[in-house]
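Here is the structure we will look at, set down as structure tokens.
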Number of protein chains: 2
Amino acid sequence: MTSKPAQFDELDRKILAALIANARTSFNEIGATVGLSATAVKRRVDKMREADLITGFTATVRPSALGWRTEAYVEVYCDSAAPPRRLAEVVRNYPEIVAAMTVTGGADALLHVRATDVGHFEEVLERIRTEPFIRKTISYMVLSHLLTGSSEAAGGAAAGDAANPR
Amino acid sequence: MTSKPAQFDELDRKILAALIANARTSFNEIGATVGLSATAVKRRVDKMREADLITGFTATVRPSALGWRTEAYVEVYCDSAAPPRRLAEVVRNYPEIVAAMTVTGGADALLHVRATDVGHFEEVLERIRTEPFIRKTISYMVLSHLLTGSSEAAGGAAAGDAANPR
DNA sequence: TATGAAACTTAGAAGCA
DNA sequence: TGCTTCTAAGTTTCATA
């Protein structure tokens with residue numbers, strides 16, 4: 001192993017931004033933009049993948065085009081005895097839960113839920129509420145997105161440049 | 001224009017799932033999986049892109065590897081006079097806001113914020129609170145993600161199959 | 001209208017200077 | 001790091017059902 005943790009420089013940032021904008025941009029094209037040969041770009045990308053900085057490449061989809069038209073955030077309140085591990089197991093059983101995390105504040109966890117429609121969401125919510133250690137839930141239905149093209153507005157897509165989280 | 005909206009079938013679903021799992025899967029490989037030639041797969045992908053069902057291809061990144069280690073959800077309460085449009089403009093000025101939406105419930109909007117550390121987050125929060133029509137904010141810091149590999153845990157990556165929103 | 005095979009073109013991978 | 005070769009994938013055209 002080398003001593004250097006393969007530092008991330010400005011060139012890498014630009015390459016990353018190009019790949020986030022369009023994962024199919026050719027190394028040649030990226031190289032032309034950042035002033036590097038295609039080979040050099042490839043090597044840097046390989047390193048970023050090795051470093052697990054780039055975790056993969058995916059297609060970005062519009063959930064509404066697939067029929068997922070309802071979205072909500074759900075605060076979950078648990079019995080004090082329930083450990084986060086337990087909640088993680090439960091959450092995995094719901095394909096409608098696209099994100100789940102423990103949070104500060106009154107609630108124990110926050111769930112990001114997608115459903116086809118309000119009826120579907122209600123059904124999911126009722127199932128969640130019957131989970132043994134869940135005491136109560138508070139739902140916030142998403143009305144409209146204020147950030148179009150945002151990763152989460154697109155429902156799991158990435159956009160933006162490497163200098164920014166989105 | 002044709003009368004048919006180019007219906008989405010099971011084959012498309014499988015192709016989409018393969019591309020979401022890995023956008024660099026070759027058409028040939030996908031074809032072998034779904035029982036189609038590479039040419040046919042490409043044509044279906046082209047159609048899905050035209051239909052804006054597939055909105056693009058991106059690299060998935062681990063925000064923490066880029067130094068974005070703090071994450072929070074912020075409820076925003078506005079003066080009753082403030083229209084959502086106005087909020088949308090404001091939100092665009094903050095690269096730290098990775099998602100923003102109007103929601104049901106007491107708050108007018110919910111922001112998903114990423115920052116490098118708690119100090120950075122506090123600074124962002126203070127800036128947001130000085131925006132003219134914002135009355136108050138309530139923050140929920142994300143402690144840990146319960147769904148690893150989830151799009152949002154990865155901070156803007158997509159994963160899963162087309163039958164599911166994630 | 002959708003498909004598959006073949007020809008053609010471009011990009012990616014590997015080795016070398 | 002960049003250049004060149006080799007290989008593999010994407011792209012286009014054509015014929016077919």
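Quick note: numbers below take in every heavy atom, side chains included, and nothing from hydrogens, waters or symmetry partners. Proteins come first, then strands; the chains are lettered A, B, ... in the order of their sequence lines, and each starts at number 1.
- Of the possible donor and acceptor atoms, one in the side chain of B:Thr102 sits under 3.5 Å from a partner among the backbone N and O of A:Ser144.
- Ion pairing between a basic and an acidic side chain is recognised when a charged N comes within 4.0 Å of a carboxylate O; B:Glu89 and B:Arg86 show such pairing.
- Following chains of ILVMFWY side-chain contacts shorter than 4.5 Å, one cannot reach B:Val90 starting from A:Leu143, and the two form parts of different hydrophobic clusters.
- The aromatic rings of A:Tyr73 and A:His112 lie parallel to each other, their planes meeting at an angle below 30°, with 60° marking the opposite boundary.
- Taking the side chain as every heavy atom from C-beta outward, B:Lys47 and B:Arg43 never approach each other to under 4.5 Å.
- The CG-C1' distance, from B:Leu11 to C:dA2, rounds to 11 Å in whole Å.
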- Query: If the sugar-phosphate is the primed atoms plus P, OP1 and OP2 and the base is the rest, what is the B/S/- string for nucleotides 6-17 of chain C, using protein heavy atoms under 4.0 Å?
  - Reply: B----SSS----
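- Whole-Å rounding puts the B:Arg44 CZ to D:dG10 P distance at 17 Å.
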